[in-house]
Amino acid sequence: MRRKESEAAYNPLARINLARSIEGELLNRPTTPLAEVDHIIGAGMYVIYYVGRFPPYTPVAAANADGQFRMPIYVGKAIPKGGRKGGLNENAAAGGTALAERLRQHAASVSESENLDLADFCIRHLVVDDIWIPLGENMLIESFKPVWNRAIDGFGNKDPGRRRATQFKSPWDVLHPGRSFSHKLADSPLTSEFLIQRVADYFAGRPLAKLPKAVVEQQAAELAEAEEGADEA
């Protein structure tokens, strides 16, 4: 006789199921060139795809070839202004230009890079009620583990203002030099060769070489600062 096994009841409101529904909705949206985002209204989250010829990103470009768009190179979010301060305005995410402004910043970063071409990038985006934005972003990062979220930090950095004595160029700026505000920052202890190997190891599923302690500490500080400054987006 087959042993009876209890089966967990499906809960459509469980956090994981809510996250999957948000992810599925975004992935069903059409793609848009990263260079053409001015029409986007609202706040929410987005994925960025790459189809270019920068050799370290060959696995990404191959997965996105022929309009398949199966592997984002980056996942991000743009919350409505004041969103981190609370409030119950159900329409907060539907207005404003948080997504468009954030994506324009990304487009500028790519355009200023010496080894990337803006024409090789496109996006999917989804306007989402602000309370669900972090959940959806986390789900997408866990699902796709984009290389710019997991192995090469710094693409989402904003101009830090006046140079700080201990602030290095981010790994992204070392691998993709040219971004205007990076020129005011100190040279990183990392090299492009180290980062290219890091990308290769990441795609191959090999352990990543540890980053210098100073770089790790700076990344943590930048992440905290970015979260604190999200209301200014």
> Is there a path from Met139 to Ile131 through hydrophobic residues (I, L, V, M, F, W, Y) whose side chains come within less than 4.5 Å of each other?
Replying inline: no

> So if you build clusters from Ile, Leu, Val, Met, Phe, Trp, Tyr with side-chain heavy-atom gaps below 4.5 Å, do Leu116 and Phe181 land together?
Replying inline: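 No, Leu116 and Phe181 fall in different hydrophobic clusters.
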
Donor-acceptor pair, [X] side chain versus [Y] backbone, under 3.5 Å?
X	Y	value
Ser182	Gly178	no
Lys169	Ser188	no
Asn28	Gly24	yes
Arg198	Ala151	yes
Gln218	Phe168	yes

More than 12 heavy atoms from other groups under 6.0 Å of [atom1] on [X]:
X	atom1	result
Arg150	CZ	yes
Asp66	CG	no
Arg206	CZ	yes

> Are the side chains of Val199 and Tyr202 in touch, meaning some heavy atoms are under 4.5 Å apart?
Replying inline: no

Gap separating the [atom1] atom of [X] from the [atom2] atom of [Y], nearest 0.5 angstrom:
X	Y	atom1	atom2	value
Leu34	Ile123	CG	CD1	7.0 Å
Asn157	Ser170	CG	OG	5.0 Å
Arg53	Asp120	CZ	CG	8.5 Å
Leu126	Glu23	CG	CD	11.5 Å
Thr97	Arg102	OG1	CZ	13.0 Å

> Salt bridge check: are Lys184 and Asp159 linked by an N-O gap of less than 4.0 Å?
Replying inline: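 Here Lys184 pairs with Asp159 in a salt bridge, since their nearest N and O are under 4.0 Å apart.
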
>> Walk me through whether Glu142 and Asn138 qualify under side chain to side chain donor-acceptor pair (under 3.5 Å).
In response: CA-CA 6 Å; Glu142 285 302 313; Asn138 289 340; over 6 Å; no

Can you see which heavy atom on [X] is nearest to which on [Y], and at what distance?
X	Y	result
Ala63	Arg70	O-NE, 3.1 Å
Ala98	Ala78	O-CB, 3.5 Å
Ser111	Leu118	OG-CD2, 3.4 Å

>> Run the ring-ring contact (aromatic ring centres under 6.0 Å, His included) test against Tyr50 and tell me which residues pass, sequence neighbours left out.
In response: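 Counting only residues at least two positions away or on another chain, Tyr50 forms a ring-ring contact (aromatic ring centres under 6.0 Å, His included) with Tyr57, Phe121.
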
>> So, using ring-ring contact (aromatic ring centres under 6.0 Å, His included) as the criterion, who are the partners of Trp172 when residues are at least two apart?
In response: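 Residues passing ring-ring contact (aromatic ring centres under 6.0 Å, His included) with Trp172: Trp148, Phe155, His176.
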
> What residues form a side chain to side chain contact (heavy atoms under 4.5 Å, CB included) with Arg104, not counting sequence neighbours?
Replying inline: Val37, Asp38, Ala100, Glu101

>> Checking Pro177 now: which residues fulfil side chain to side chain contact (heavy atoms under 4.5 Å, CB included) with it, not counting sequence neighbours?
In response: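 With neighbours one apart ignored, the set is Glu114, Asn115.
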
> When you look at Ile196 and Ile152, which way does the side chain to side chain contact (heavy atoms under 4.5 Å, CB included) test go after all the steps?
Replying inline: CA-CA 10 Å; Ile196 288 171; Ile152 302 296; over 6 Å; no

> With no hydrogens and no angle check, do the side chains of Asn64 and Gln68 hold a donor and an acceptor under 3.5 Å apart?
Replying inline: no

> In terms of side-chain heavy atoms, does Arg124 have a donor or acceptor partner in Tyr49 at a distance below 3.5 Å?
Replying inline: yes

>> According to salt bridge (charged side-chain N to carboxylate O under 4.0 Å, His left out), who are the partners of Lys210, at least two apart in sequence or on a separate chain?
In response: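 For Lys210 there are no salt bridge (charged side-chain N to carboxylate O under 4.0 Å, His left out) partners, ignoring immediate neighbours.
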
>> Show me the pairs that pass ring-ring contact (aromatic ring centres under 6.0 Å, His included) and involve residues 13-46, at least two apart or across chains.
In response: Tyr46-His106

>> Quick one, Phe144 with Met71, criterion side chain to side chain contact (heavy atoms under 4.5 Å, CB included). Give me CA distance, side-chain angles, the key distance, then yes/no.
In response: CA-CA 7 Å; Phe144 294 106; Met71 184 184 292; 5.7 Å; no

